[in-house]
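Shown next, in structure tokens, is the structure this report addresses.
Start at 1 with the first residue, then count along the sequence. When reading the values below, keep in mind they use all heavy atoms of this one structure, side chains included, and skip hydrogens, waters and symmetry mates. Not measured: the values here are computed from a predicted model.
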Amino acid sequence: MRILAVVGSIRRGNTYAMVEAACHALNESDIELIHLKDLDFKMCDGCLSCDESGLCTYDDDMSRLLDDVKKADGFIFGTPARWSLLSGELKVFFDRLNPLAVPELLKGKKAIIFAVGQTEGEEAESITIAADSVKAFCDNAGIEVVDTVIAKNCLEADSLITNNLVILDKCRNSAINLYKSLLVDK
Ligand SMILES: Cc1cc2nc3c(=O)[nH]c(=O)nc-3n(C[C@H](O)[C@H](O)[C@H](O)COP(=O)(O)O)c2cc1C
């Protein structure tokens, strides 16, 4: 089994904690954890030559990662809420997956989504909307979303680790559910 776990926040904070907890629930050999801060890649310039060739004209960390994305059975996508949307860094990551779009190489894969934000109460809807924006990408790409975990009231980088270990348990359970649903397909 191959699961690619993507931390869509530059800082090593709450998104990282959620994705890391999920990874710890699975066998190390099944998981590749990618923190986008460690990758050096350009924004998609929309040339669309990849629609014809299936290849990106750029030669950077993202073009080199495409093969791993292609081979993955499942994904963990983690994002902080930013203006009720996914993070810019995760959006650029998604844009750079366009070479896999026309040949429908993402279709039939499965994902879980983690979203975290500082709001609580009614305002926390912004975090759900952010998670929905990740789901919109998944729907476009033909990736089935099997679970979503929302973490509220997290402003500081260590908010989850210090105040909300229950959410990290939810992330672990969510990863196990993803794994089980992938096993059914094998
Ligand atoms: C530009 C910006 C926009 C934000 N927008 C929202 C938002 O719409 N809703 C929310 O709940 N939190 C929002 N936040 C707060 C972050 O989501 C929150 O601090 C989160 O814990 C950051 O995750 P990280 O620790 O993984 O970076 C925003 C933060 C920034 C920097």
In short, A22 meets I76 closest at the heavy-atom pair CB-CD1, 3.9 Å

From L160 atom CG to K152 atom NZ, the distance as rounded to the nearest 0.5 Å: 13.0 Å

For the student: nearest non-hydrogen atoms of S49 and T57, plus distance: OG-CG2, 3.4 Å

Any Lys/Arg nitrogen of K71 or E32 sitting under 4.0 Å from an Asp/Glu carboxylate oxygen of the other? no

Salt bridge or not between D139 and K135? Use side-chain N to carboxylate O under 4.0 Å. yes

Residue pair N153 / N164, side-chain donor-acceptor N/O under 3.5 Å: no

Would the distance check show the side chain of D60 and the main-chain N or O of M62 forming a donor-acceptor pair, the cut-off being under 3.5 Å? yes

NZ of K170 to CG of L165, rounded to nearest 0.5 Å, is 13.0 Å

Please walk me through it: do E144 and K107 pass salt bridge (charged side-chain N to carboxylate O under 4.0 Å, His left out)? CA-CA 8 Å; E144 183 191 344; K107 202 171 175 179; over 6 Å; no

Are the charged groups of D68 and R2 less than 4.0 angstrom apart, N to O? no

Relative to each other, are the rings of F137 and F94 parallel, tilted or perpendicular (30° and 60° limits)? parallel

Smallest heavy-atom separation, P80 atom then G8 atom, equals CD-O, 3.2 Å

